[in-house]
2 protein chains.
Amino acid sequence: MAIRAFGALAQDSRLEAFRLLVRAGEEGLPAGEIARALFIPHNTLSSHLSILAQAGLVTSRRDGRSIIYRIDFEGTRTLLAFLIEDCCQGRPDICAPLLACVQPVGCGPANTSDKGVAS
Amino acid sequence: MAIRAFGALAQDSRLEAFRLLVRAGEEGLPAGEIARALFIPHNTLSSHLSILAQAGLVTSRRDGRSIIYRIDFEGTRTLLAFLIEDCCQGRPDICAPLLACVQPVGCGPANTSDKGVAS
DNA sequence: CCAATATGTCGATAAGTCTCGATATATGGA
DNA sequence: TCCATATATCGAGACTTATCGACATATTGG
């Protein structure tokens, strides 16, 4: 559900963990490494990660003693699609500028000229 | 800030109000009408709307006795851009399918064939 | 099997959010 | 000015979330 996903991202540590995992890509990262990177006690992070997982934004698999967390691109894409469909509902003209801004560069750090955007 | 926006959308009544305002478009809707549509007491809705406003997702203007709320497309687009840039960071291949899914139809309810997606 | 490592679960406290009645403010009309 | 309408703000109770210590579970190597 979208609400759960929004709620999962509406918290500093979780948003940071999510971004870290996005950058980590397909390989993912072990929980401990994320905890160290974000200076969060392992048990606190553990509950944050399970919230992200329940929201369908990350997945986990065990690898030896570690548990590797990885972005769930499918779920993330679902959330984006929900936002985009909601946002564009019936009015392509409005959403177009956004897509135009992202598309040309091929989804990368994009056209940084007109961005005061991310922070 | 993105966290505030995610938090604003992470609540049932607020997400519904937001979607309603998206559909209402440029004209917007008076607070009272939203309250009636969602069966929410006006004071409860009022605080929800101010949370959406603080998150930069809606704006308000007075019109006679009513206060008209309207989607802040700029802010909404900013949120989307944040998600897309985070999601695609360095890997266009991954985000492309999403955009492909939305673009062809021109941002509408899209290509419903391959979606078991939103829920 | 035991110890070490890596995570997860439980439980309590602190902090924050949701909801709604009561009250306050702003506008328009008589 | 007085009343009705439309919203906003305040404040309290109920509920939810965040954090972290203590303990539990799973894996590897000796």
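Heavy-atom basis, side chains included; hydrogens, waters and symmetry copies ignored. Per chain, numbering begins at 1; letters A, B, ... match sequence-line order.
- The side chain of A:H48 contributes an N or O atom lying less than 4.0 Å from OP1 or OP2 of D:dT19.
- Contact annotation: A:R62 side-chain N/O to D:dT27 OP1/OP2 distance is under 4.0 Å.
- Applying the 4.0 Å criterion to OP1 and OP2 of D:dT19, one finds that A:Q11 has a side-chain N or O inside that range.
- The residue among B:I40 and A:S60 whose nearest nucleotide of DNA chain C is located toward the 5' end is A:S60.
- Between the C1' atom of C:dC20 and the CG atom of B:L45 lies a distance of 13 Å, rounded to the nearest Å.
- The phosphate of D:dA18 (OP1 or OP2) has no side-chain N or O of A:T44 nearer than 4.0 angstrom.
- Contact check for A:L9 versus A:L79: side-chain heavy atoms found under the 4.5 Å cut-off.
- We find that CD1 of A:I67 is positioned 19 Å from P of D:dA24, with the value rounded to whole Å.
- B:Y69 has no side-chain polar atom (N or O) that falls below the 4.0 Å cut-off from OP1 or OP2 of D:dA6.
- When the side-chain nitrogen and oxygen atoms of B:S66 are compared with OP1 and OP2 of D:dT7, one or more of them lie within a distance under 4.0 Å.
- Between B:S46 and the phosphate of D:dT7, there is no side-chain N or O to OP1/OP2 separation shorter than 4.0 Å.
- One interatomic measurement links the two molecules: NE2 of B:H42 to C1' of C:dA24, which rounds to 11 Å at whole-angstrom precision.
- Nucleotide D:dA8 holds its C1' atom 13 Å from the CD1 atom of B:I51, rounded to whole Å.
- With rounding to whole Å, A:Q54 atom CD is found 12 Å from D:dA18 atom P.
- Between the C1' atom of D:dA6 and the CG atom of B:L49 lies a distance of 13 Å, rounded to the nearest Å.
- Side-chain proximity of B:R65 to the nucleotides C:dG21, C:dA4, C:dT27 is greatest for C:dT27.
- In this structure, B:R14 reaches the C:dC18 phosphate: one of its side-chain N or O atoms is under 4.0 Å from OP1 or OP2.
- Two residues are said to be in side-chain contact when any heavy atoms from C-beta on lie closer than 4.5 Å; A:T78 and A:D72 fail this criterion.
- Ion pair B:R36/B:E33 not flagged as a salt bridge, since none of the NZ, NE, NH1 or NH2 atoms sits closer than 4.0 Å to an Asp/Glu carboxylate oxygen.
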